[in-house]
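Below: one structure, written as structure tokens.
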Amino acid sequence: MDYKHQEIEQKWQAKWREDKTYRVVEDQSKEKFYVLDMFPYPSGAGLHVGHPLGYIASDIYSRFKKLQGFNVLHPMGYDSFGLPAEQYAIQTGQHPAVTTEQNINRYREQLDKIGFAFDWEREIRTSDPKYYKWTQWIFKQLFNSWYDQKANKARPIESLIALFAEKGNTEVTACSCDDTPIITASEWTNFSETERENILSKYRLAYLADSWVNWCPELGTVLANDEVKDGVSERGGFPVEQKLMKQWNLRVTAYADRLLSGLDEIDFSESLKEQQRNWIGKSAGASVTFKVANRDESIEVFTTRPDTIFGVSFMVLAPEHELVDSITTTEFKDQVDEYKKLSANKSERERQANVKSVSGQFTGAYAVHPFTGGNVPIWIGDYVLAGYGTGAVMAVPAGDQRDYNFAKKFDLSIPNIFDGANLEEAANSDNSIPLTQSDFLNDLCGKEAVLKCIEEIEQKGIGRGKVNFRLRDAVFSRQRYWGEPFPIYYENGQPNLVADDKQVMLPKIDTYLPTPDGQPPLARASKQDWNIWEGDSMEFNTMPGWAGSSWYFLRYMDPNNDKQLVDKQIAEYWNQVDLYVGGAEHAVGHLLYSRFWTKFLFDIGQINFQEPFKKLINQGMILGNSAIAKCLGVKVKELTLICGTKISFDRERQVLVTKSMIDQDKLPSEQIDRMVDIRLPIDNLINEFDFDLVSFLKSARGNQFTDSVFLSETGYYLEGKLFDLNGTALNEPGKFQVFREVEKMSKRWFNVQTPDELCEKYGADTLRCYEMFLGPLEQSKPWNTKGINGVNNFLRKFWNLFHSDGQFMVSTKEATPEELKILHTAIKKVQDDLDRMSFNTVVSQLMIAVNELNEINNLSEEVLSKLVVLLSPYAPHLAEELWEALGNESSVTTAEWPKFIAANIEESSFEYPVSFNGKMRFKISLPTNMSKSEIETEVLSHEKSKHYLDGKTPKKVIVVPNRIVNVVA
RNA sequence: GCUCGAGUGGUGGAAUUGGUAGACACGCAAGACUUAAAAUCUUGUGGGCAUUAGCCCGUGCGGGUUCAAGUCCCGCCUCGAGUACCA
């Protein structure tokens with residue numbers, strides 16, 4: 001009987017569904033274990049081989065834990081709100097819910113084929129109204145909360161209102177916006193509703209504010225900082241600009257310190273924690289106020305080095321700083337305006353690209369040094385960011401390289417405040433040099449100087465010690481359709497929550513574009529299209545993608561609860577996620593926001609733990625192998641079209657070399673400095689000669705590339721023909737050169753490999769084992785199916801252990817010591833390796849066991865059935881089939897993990913490697929219970945020892961029992 | 001630039017607390033079966049010198065600690081990831 005994977009896998013997948021094998025219920029008698037995968041966004045491309053890598057690992061771990069007696073929760077769902085479905089909707093008019101549903105069905109089909117032990121009765125979808133009802137609920141709680149720094153937790157807004165009525169806000173220690181005015185109790189009492197709300201919004205954890213946001217015109221929405229990479233949008237790579245807009249914000253900054261210290265309690269990789277630490281960016285220093293000379297204004301700066309204050313020789317404000325206009329003197333007004341315009345026009349990307357070049361402009365104004373009373377010129381400059389600290393710096397060119405560069409460029413003075421430091425080439429970076437020319441700080445250095453200076457600053461009333469965070473409040477509005485609608489309506493311009501028990505549903509709209517006057521798509525819905533319409537208007541923004549994913553792990557515990565987001569007792573049972581598996585790309589987005597929401601839900605008493613994920617492992621990416629044709633390109637600032645029209649660009653741009661350009665001799669060859677990569681579908685490239693590049697380009701890229709010039713091995717390739725470097729047509733079959741590159745799998749690069757065909761050809765069990773066998777889970781690796789045969793062979797050999805002459809055949813005899821040794825070696829290794837998440841070496845060990853058992857005839861049933869249990873997390877279908885054949889009536893998932901008995905692998909002798917001066921020379925088999933001195937005698941009297949000692953007496957003999965013998969001669 | 005990883009045969013990788021480097025698999029080579037091929041099985045496979053025992057070299061490079069280093073320490077090189085005018 002052959003191993004027929006298709007039959008077996010279909011049979012068991014059906015049976016599992018029928019028997020609800022993977023249904024999980026709360027069971028207080030058992031210890032729980034919660035394993036979670038980052039749920040996928042159901043994209044149109046379906047699952048590729050990279051997706052299941054993490055799911056397989058977590059599935060194996062879940063099955064392993066279950067066999068060990070834990071009650072394991074291992075759910076799956078979909079992060080189903082998001083941009084691609086909406087972009088598709090814009091193009092086709094198809095409602096995103098329809099596309100999403102289709103994609104989910106495809107995902108489900110693919111997931112089912114791999115044999116995962118998910119409890120599908122707990123499936124959730126973030127776009128399901130029954131789910132986002134509770135996302136909205138959490139938003140309502142955030143809106144109705146403020147952060148009390150004294151209690152160090154979120155508290156109901158009513159408690160703040162009571163405080164205001166009693167004492168105003170002067171004694172309230174809360175996290176609030178920087179521009180919060182000071183009010184007295186009587187002011188508060190006499191405020192109008194609108195005035196009160198304006199104050200409260202400075203304290204609410206969800207608040208509306210005009211803020212500088214990353215506006216992406218191409219996507220028609222704002223993006224959070226973590227959704228912008230290198231100055232372009234993470235999704236799509238579109239340019240991003242800064243824009244001032246009224247947006248919902250979440251006051252994540254209130255949690256900055258707890259998010260930082262919480263990192264010490266959780267088991268995330270060091271690099272991931274480091275990324276979160278950097279993102280939070282805590283730095284301690286002082287805030288100091290500088291008066292503007294002869295004016296009422298003053299400028300507040302933040303500095304981590306207040307001790308260098310005597311080295312201040314100028315100040316720099318960000319060009320966007322609010323005081324720039326008022327302090328600039330008439331004399332410099334034009335130049336300042338010019339500079340402001342210049343930097344405003346620079347995109348985020350250009351600003352980043354110009355890090356090296358120093359630019360700035362003097363305002364004509366001076367500040368007064370708070371200690372010396374001296375005049376300090378005030379400049380504006382690009383290198384000071386509006387968004388960090390106060391958007392202004394006190395420049396200390398002697399101690400800060402950027403200030404130094406600025407001073408050099410504009411010939412500003414560089415007072416040396418470091419005793420004996422050399423400032424010829426660069427600013428001083430040695431913290432052990434004592435200060436000089438610094439009044440009360442002279443001869444101090446480092447921390448001591450900083451503390452002393454803060455003391456003085458506070459005494460003088462010109463500032464205070466301050467901790468600053470890089471972390472900004474998170475923009476929570478998106479000008480999009482396919483997201484959670486806000487439970488908010490507006491009346492007289494003020495936001496109000498809809499009633500507690502009401503949920504705002506996503507209304508129907510005719511098309512998924514913004515309105516002609518630039519309002520978000522939801523503004524298209526008429527009053528009747530909304531299930532709730534209150535006040536003057538509803539909120540037309542929707543929530544960002546991370547809203548639903550910030551708390552989803554809680555919903556799996558109690559997915560159908562329509563009274564609350566999760567039952568408290570159930571949440572207490574399942575508690576934290578014990579193991580979270582997913583990609584590292586969510587380091588500062590999802591993983592930070594869900595930690596934030598968890599802490600908030602803890603504060604308001606919904607759950608009794610503060611960190612969502614106890615342990616996290618990042619699976620590596622599986623990379624695709626791309627095939628690339630290189631198309632010639634030039635960089636030009638100007639281009640003449642055939643019709644004679646001249647086009648000029650603002651900067652050099654990439655242009656493809658086309659046939660007409662060559663015909664017209666418009667191409668100085670030295671200009672051909674760039675190659676444009678065109679990615680080709682790898683599946684069609686088995687025979688490169690047969691690949692029709694021209695028709696491929698037509699179908700995939702329109703006419704854009706059809707007459708472009710491609711590289712061939714000896715010249716160039718154009719419209720299916722080959723030419724040599726002189727442009728002479730060659731009379732041979734056309735072949736452009738194909739370059740290979742290993743990179744991220746992506747639909748648009750045609751390098752995606754789906755698990756489907758492998759499931760069909762080799763079976764899910766083989767695929768599961770193979771993906772694990774590829775190497776350590778956390779490492780990225782290129783996809784390569786070369787080794788899959790070996791793994792498939794292993795499963796066939798495993799099957800064959802149970803069969804002979806085409807019949808199922810196992811012996812009821814007692815297991816021999818030899819068999820037991822093989823089995824228990826495997827039990828120990830598999831168990832230890834799974835405990836440390838070394839999934840690849842488990843497969844190796846099982847292979848070793850199978851290879852060794854293969855040598856033995858008439859294998860005992862006792863050994864084989866335990867071996868089936870060992871294999872079952874990796875190859876559940878095969879294991880079920882054999883388990884059933886062994887006469888078991890219940891699923892192998894209900895079996896017990898075999899107990900390791902050390903006696904079975906104990907040996908009476910050990911083969912000692914004997915080294916001379918550290919070099920292994922020969923082996924000698926000795927009883928394990930032999931004493932050190934006996935071993936030494938045995939080794940030295942060995943005939944080969946005489947040869948290696950060469951007449952010398954050994955100086956020393958090291959004997960490590962059951963390990964090694966080393967003779968030092 | 002800074003931070004964090006990683007560098008081991010032709011390839012993916014193993015070596016868990018310093019103790020036989022290269023497990024397991026792929027690939028390759030030879031052989032068996034076959035008219036032949038595929039599939040399967042057997043054997044070999046880090047490099048070099050000898051081909052029989054034996055010897056030398058080998059975990060990115062250069063030092064060091066140790067009886068013993070892929071593993072620990074110091075200094076470099078390369079690659080990957082993240083981050084970037086953060087005051």
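Numbered from 1 within each chain, the chains take letters A, B, ... in sequence-line order.
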*asked:* Please report the distance separating the P of B:G22 from the corresponding atom of B:A6, rounded so that it comes out in whole Å.
replied: 23 Å
*Determine the Euclidean distance between corresponding P atoms of B:C2 and B:U59; express it in Å to zero decimal places.*
29 Å
_I'd like to know whether A:K944 forms a side chain to side chain contact (heavy atoms under 4.5 Å, CB included) with A:R921, so could you lay out the CA-CA distance, the side-chain angles of the two residues, the decisive distance to 0.1 Å, and finally the verdict._
CA-CA 9 Å; A:K944 287 193 175 172; A:R921 294 301 184 179; over 6 Å; no
*Round to a whole Å and report the spacing from CD1 of A:I788 to C1' of B:G27.*
16 Å
*If you check the A:K786 side chain, which of B:C24, B:A87, B:C26 turns out closest?*
B:C26
*Relative to the 5' end of RNA chain B, which residue comes earlier, A:M394 or A:F910, by the nucleotide with the nearest heavy atom?*
A:F910
_For B:U42, the Watson-Crick or wobble partner whose two distances fall under 3.5 Å_ = B:A30
*Going by a 90° cut-off around 0, is B:G70 syn or anti?*
anti
*Round to the nearest Å and state the distance from A:E852 atom CD to B:A25 atom P.*
11 Å
Collect all protein-nucleotide pairs involving nucleotides 62-72 of chain B in which both atoms are nitrogen or oxygen and the distance is under 3.5 Å.
{"unit_1": "B:C67", "atom_1": "O2'", "unit_2": "A:N966", "atom_2": "ND2", "d": "3.0"}
{"unit_1": "B:C67", "atom_1": "O2", "unit_2": "A:N966", "atom_2": "ND2", "d": "2.9"}

*Report the base-pairing partner of B:A21 (Watson-Crick or G-U wobble, both distances below 3.5 angstrom), or none.*
none
*asked:* Output the rounded distance in Å from OH (A:Y874) to P (B:A25).
replied: 16 Å
_Check ion pair A:D2-A:K4 (N to O, under 4.0 angstrom)_ = no
*Which class fits the ring pair A:W783 and A:Y770: parallel under 30°, tilted 30 to 60°, perpendicular over 60°?*
perpendicular
*Please determine, for B:U16, whether a Watson-Crick or G-U wobble partner exists with both distances under 3.5 Å, and give it or none.*
none
*asked:* I'd like the C1' distance from B:A69 over to B:G60, given in whole Å.
replied: 16 Å
_Suppose you measure atom C1' in B:G31 against the same atom in B:A81; what distance do you get, rounded to whole Å?_
48 Å
*Paired with B:G54: which nucleotide, if any, by Watson-Crick or G-U wobble criteria at under 3.5 Å for both distances?*
B:C49
*Both distances under 3.5 Å, Watson-Crick or G-U wobble: report the partner of B:U71, or none.*
none
*A:R305 side chain near A:V396 side chain, heavy-atom distance below 4.5 Å*: no
_Interatomic distance at C1', B:U8 relative to B:U3, whole Å_ = 26 Å
*Expressed in angstrom and rounded to an integer, what is the separation of A:F268 atom CZ from B:U3 atom P?*
23 Å
*What string of B, S and - do you get for nucleotides 7-16 of chain B 5' to 3' if you count protein non-hydrogen atoms under 4.0 Å?*
-----BSSSB
*asked:* Rounding to an integer number of angstrom, what distance separates B:G44 and B:A38 when you compare their P atoms?
replied: 23 Å
*Using the C1' atoms only, state how far B:C4 lies from B:A23, rounded to an integer number of Å.*
30 Å
*asked:* Distance check needed: B:A87 P versus A:D307 CG, whole Å only.
replied: 14 Å
*Could you check A:V965 against A:R305 and say which one's nearest nucleotide on RNA chain B is further toward the 5' end?*
A:V965
*Any ion pair linking A:R277 and A:E270 (charged N to carboxylate O, less than 4.0 Å)?*
yes
*What is the minimum heavy-atom distance between A:S915 and A:I964, and which atoms define it?*
OG-CD1, 4.1 Å
_Identity of whatever pairs with B:A6 - Watson-Crick or G-U, under 3.5 angstrom_ = B:U78
*Anything under 30° is parallel, anything over 60° is perpendicular, the rest tilted; go ahead and classify A:H369 against A:F371.*
tilted
*Would you call the rings of A:F406 and A:Y383 parallel, tilted or perpendicular if under 30° counts as parallel and over 60° as perpendicular?*
tilted
_SB check A:K821 A:E907 (cutoff 4.0 Å)_ = yes
*asked:* For A:F839 and A:Y61, take the angle between the two ring planes, folded into 0 to 90°, and tell me which bin it lands in: parallel under 30, tilted 30 to 60, perpendicular over 60.
replied: perpendicular
*For B:A36, what is the paired nucleotide under Watson-Crick or G-U wobble rules, both distances under 3.5 Å?*
none
*Can you tell me how far P of B:A23 sits from CG of A:L846, to the nearest Å?*
18 Å
*Which distance, rounded to the nearest 0.5 Å, do you find between the CG of A:L940 and the NZ of A:K946?*
9.5 Å
For nucleotides 51-58 of chain B, list the nitrogen or oxygen atoms of the protein found under 3.5 Å from its nitrogen or oxygen atoms, one pair per line.
{"unit_1": "B:C55", "atom_1": "OP1", "unit_2": "A:Y948", "atom_2": "OH", "d": "3.2"}
{"unit_1": "B:C56", "atom_1": "OP2", "unit_2": "A:R921", "atom_2": "NH1", "d": "3.2"}

*Above 12 or not: heavy atoms from other molecules or residues under 6.0 Å from CD of A:E911?*
yes
_Between C1' of B:A21 and NZ of A:K923, the distance in whole Å_ = 12 Å
*asked:* Please find the pair of heavy atoms, one from A:L795 and one from A:C769, that lie closest to each other, and give the distance.
replied: CD2-SG, 4.4 Å
*Of all the nucleotides listed (B:C24, B:U20, B:U40), which has the minimum atom distance to the side chain of A:I848?*
B:C24
*Watson-Crick or G-U wobble mate for B:U83, both contacts under 3.5 Å*: B:G1
_Rounded to whole Å, please give me the gap between CD in A:E778 and C1' in B:C4._
13 Å
*Got more than 12 heavy atoms from elsewhere within 6.0 Å of NZ, A:K828?*
no
*Given the P atoms of B:G62 and B:C77, what is the spacing between them in whole Å?*
15 Å
